[in-house]
**Student:** 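Take a look at this one; I'll ask things after.
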Amino acid sequence: MKIRFYQFYFVLAIVLLIATICNDLLHVLAPNGATYTIGNFSLLRPDGSASCSVVALGVVLIVATAVNAFGLFVSFFTNFELQKRASILSVLLLTGYYILLLLYVLLVLYSDEAVTTISLEAAVMFPFTAIVLNVLSFLAARRTEAKILAKASGFRLRD
């Protein structure tokens with residue numbers, strides 16, 4: 001079995017998405033010194049209560065991880081069309097993840113109190129890196145497919 005370079009892109013994207021699922025995303029400081037913590041599955045309020053209103057963030061990440069795992073699995077069978085579609089779907093899911101995160105920050109946190117400081121964790125940038133890796137995987141799969149087609153068309157028998 002031949003390991004191709006775009007398969008490493010899928011593996012790195014899966015690792016980054018799993019790391020994002022396991023870590024907190026944001027710490028929000030209110031004027032009175034209260035700190036809110038947004039994770040992928042819960043919103044931790046300053047009084048210690050947890051709200052599960054942000055579960056959709058974690059669900060989108062789990063689906064994006066499954067799509068990347070599917071793309072990796074399909075890449076072992078050199079099905080380039082499904083690989084490219086999995087990459088595109090993953091990019092769309094992760095873009096939706098950032099839109100959803102922005103909505104939660106604006107709607108959930110700004111409705112409670114005025115916010116003075118938002119502290120980003122490193123895990124917020126992992127899905128963006130996964131988007132870049134999926135685009136690179138798409139381009140690499142397209143290039144590999146073109147090379148295989150060019151090589152196959154070069155050996156045709158002439159009449």
Side-chain angles (χ1 to χ4, degrees), residues 4-76 79-145:
R4 303 209 184 260
F5 197 65
Y6 55 82
Q7 292 170 338
F8 289 114
Y9 292 144
F10 279 121
V11 170
L12 286 174
I14 291 169
V15 168
L16 286 173
L17 292 176
I18 290 173
T20 305
I21 290 171
C22 297
N23 293 320
D24 291 334
L25 301 174
L26 301 168
H27 296 289
V28 179
L29 187 65
N32 62 0
T35 303
Y36 294 86
T37 302
I38 291 184
N40 286 307
F41 292 101
S42 66
L43 168 69
L44 200 63
R45 298 191 190 285
D47 60 357
S49 65
S51 172
C52 292
S53 61
V54 293
V55 165
L57 290 172
V59 171
V60 170
L61 281 179
I62 289 173
V63 171
T65 305
V67 167
N68 279 316
F70 175 74
L72 178 63
F73 178 72
V74 167
S75 71
F76 291 123
N79 189 340
F80 294 109
E81 286 301 316
L82 280 178
Q83 289 173 45
K84 292 188 290 187
R85 289 178 184 172
S87 295
I88 291 170
L89 180 60
S90 180
V91 166
L92 292 175
L93 283 170
L94 293 173
T95 304
Y97 172 80
Y98 277 116
I99 293 169
L100 204 60
L101 180 63
L102 182 67
L103 284 174
Y104 279 129
V105 168
L106 292 177
L107 296 177
V108 174
L109 293 177
Y110 281 119
S111 66
D112 288 346
E113 295 179 18
V115 174
T116 59
T117 306
I118 295 178
S119 172
L120 301 175
E121 295 294 325
V124 171
M125 291 308 294
F126 292 163
F128 179 75
T129 309
I131 288 173
V132 172
L133 289 171
N134 278 309
V135 169
L136 291 175
S137 174
F138 175 82
L139 294 174
R142 192 173 71 175
R143 187 179 317 118
T144 305
E145 180 183 23

**Student:** Where do Ala141 and Gln83 come nearest, in terms of heavy atoms and distance?
**Tutor:**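 Looking at all heavy atoms of both residues, the shortest contact is CB-OE1, 3.7 Å.
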**Student:** Checking Leu89 now: which residues fulfil side-chain contact (heavy atoms from CB on, under 4.5 Å) with it, not counting sequence neighbours?
**Tutor:**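 For Leu89 the side-chain contact (heavy atoms from CB on, under 4.5 Å) partners, ignoring immediate neighbours, are Val67, Leu93.
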**Student:** Can you name the closest pair of heavy atoms from Asn40 and Ile21 and give their distance?
**Tutor:** ND2-CA, 3.4 Å
**Student:** Give the minimum heavy-atom separation between Leu57 and Gly39, together with the two atoms involved.
**Tutor:**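 So the two residues come closest at CD1-O, 4.0 Å.
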**Student:** Give me the atom names and distance for the closest heavy-atom approach of Ala64 to Leu94.
**Tutor:** CB-CD2, 3.8 Å
**Student:** Ignoring hydrogens, what is the shortest heavy-atom contact between Phe128 and Tyr98? Give both atom names and the distance.
**Tutor:** N-OH, 3.0 Å
**Student:** For residues Val124 and Pro127, report the shortest heavy-atom separation together with the two atoms involved.
**Tutor:**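 Looks like O-CD, 3.4 Å.
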**Student:** Is it true that a side-chain atom of Asp24 and a backbone atom of Glu121 form a donor plus acceptor pair closer than 3.5 Å?
**Tutor:** no
**Student:** I need the Ile38 CD1 to His27 NE2 distance, nearest 0.5 Å.
**Tutor:**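 The CD1 atom of Ile38 sits 10.5 Å away from the NE2 atom of His27.
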**Student:** Is a side-chain donor-acceptor pair under 3.5 Å present for Gln7 with Ser75?
**Tutor:**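 Yes, a side-chain donor-acceptor pair sits under 3.5 Å.
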**Student:** Under the criterion side-chain contact (heavy atoms from CB on, under 4.5 Å), which of Leu61, Ile62, Val63 is the partner of Leu17?
**Tutor:** Leu61
**Student:** Measure the spacing between CG of Leu12 and OG1 of Thr129 and express it to the nearest 0.5 Å.
**Tutor:** 10.0 Å
**Student:** Going through the checks in order, is the side chain to side chain contact (heavy atoms under 4.5 Å, CB included) test met by Arg45 and Tyr36?
**Tutor:** CA-CA 5 Å; Arg45 298 191 190 285; Tyr36 294 86; 4.1 Å; yes
**Student:** Around atom CZ of Phe8, are there more than 12 heavy atoms from other residues, nucleotides or ligands closer than 6.0 Å?
**Tutor:**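 Check fails, neighbour count at 12 or below.
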**Student:** Output the distance between atom CG (Leu44) and atom OG1 (Thr37), rounded to the nearest 0.5 Å.
**Tutor:**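 One finds 5.0 Å between CG of Leu44 and OG1 of Thr37.
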**Student:** Does the side chain of Asn134 come under 3.5 Å of the side chain of Ser90 through a donor N or O and an acceptor N or O?
**Tutor:** yes
**Student:** Can the ring centres of Phe5 and Tyr9 be said to be less than 6.0 Å apart?
**Tutor:**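 Yes.
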**Student:** Looking at OH of Tyr6 and CG of Leu72, how far apart are the two atoms once the value is rounded to the nearest 0.5 Å?
**Tutor:**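 Rounded to the nearest 0.5 Å, the OH-CG separation comes out at 10.0 Å.
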**Student:** Quick one: does any side-chain atom of Ser137 pair with a main-chain N or O of Leu133 as donor and acceptor, under 3.5 Å?
**Tutor:**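 It does not hold such a pair.
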**Student:** Once you round to the nearest 0.5 Å, how far does OG of Ser87 lie from CG of Leu82?
**Tutor:**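 If I round to the nearest 0.5 Å, the distance is 10.5 Å.
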**Student:** CG/Leu43 to CG/Leu26 distance, rounded to the nearest 0.5 angstrom?
**Tutor:** 10.0 Å
**Student:** For Arg142, which residues count as a side-chain contact (heavy atoms from CB on, under 4.5 Å) partner, sequence neighbours excluded?
**Tutor:** Lys84, Phe138, Leu139
**Student:** Please lay out, stage by stage, how Val132 and Leu136 fare under the test side chain to side chain contact (heavy atoms under 4.5 Å, CB included).
**Tutor:** CA-CA 6 Å; Val132 172; Leu136 291 175; 4.2 Å; yes
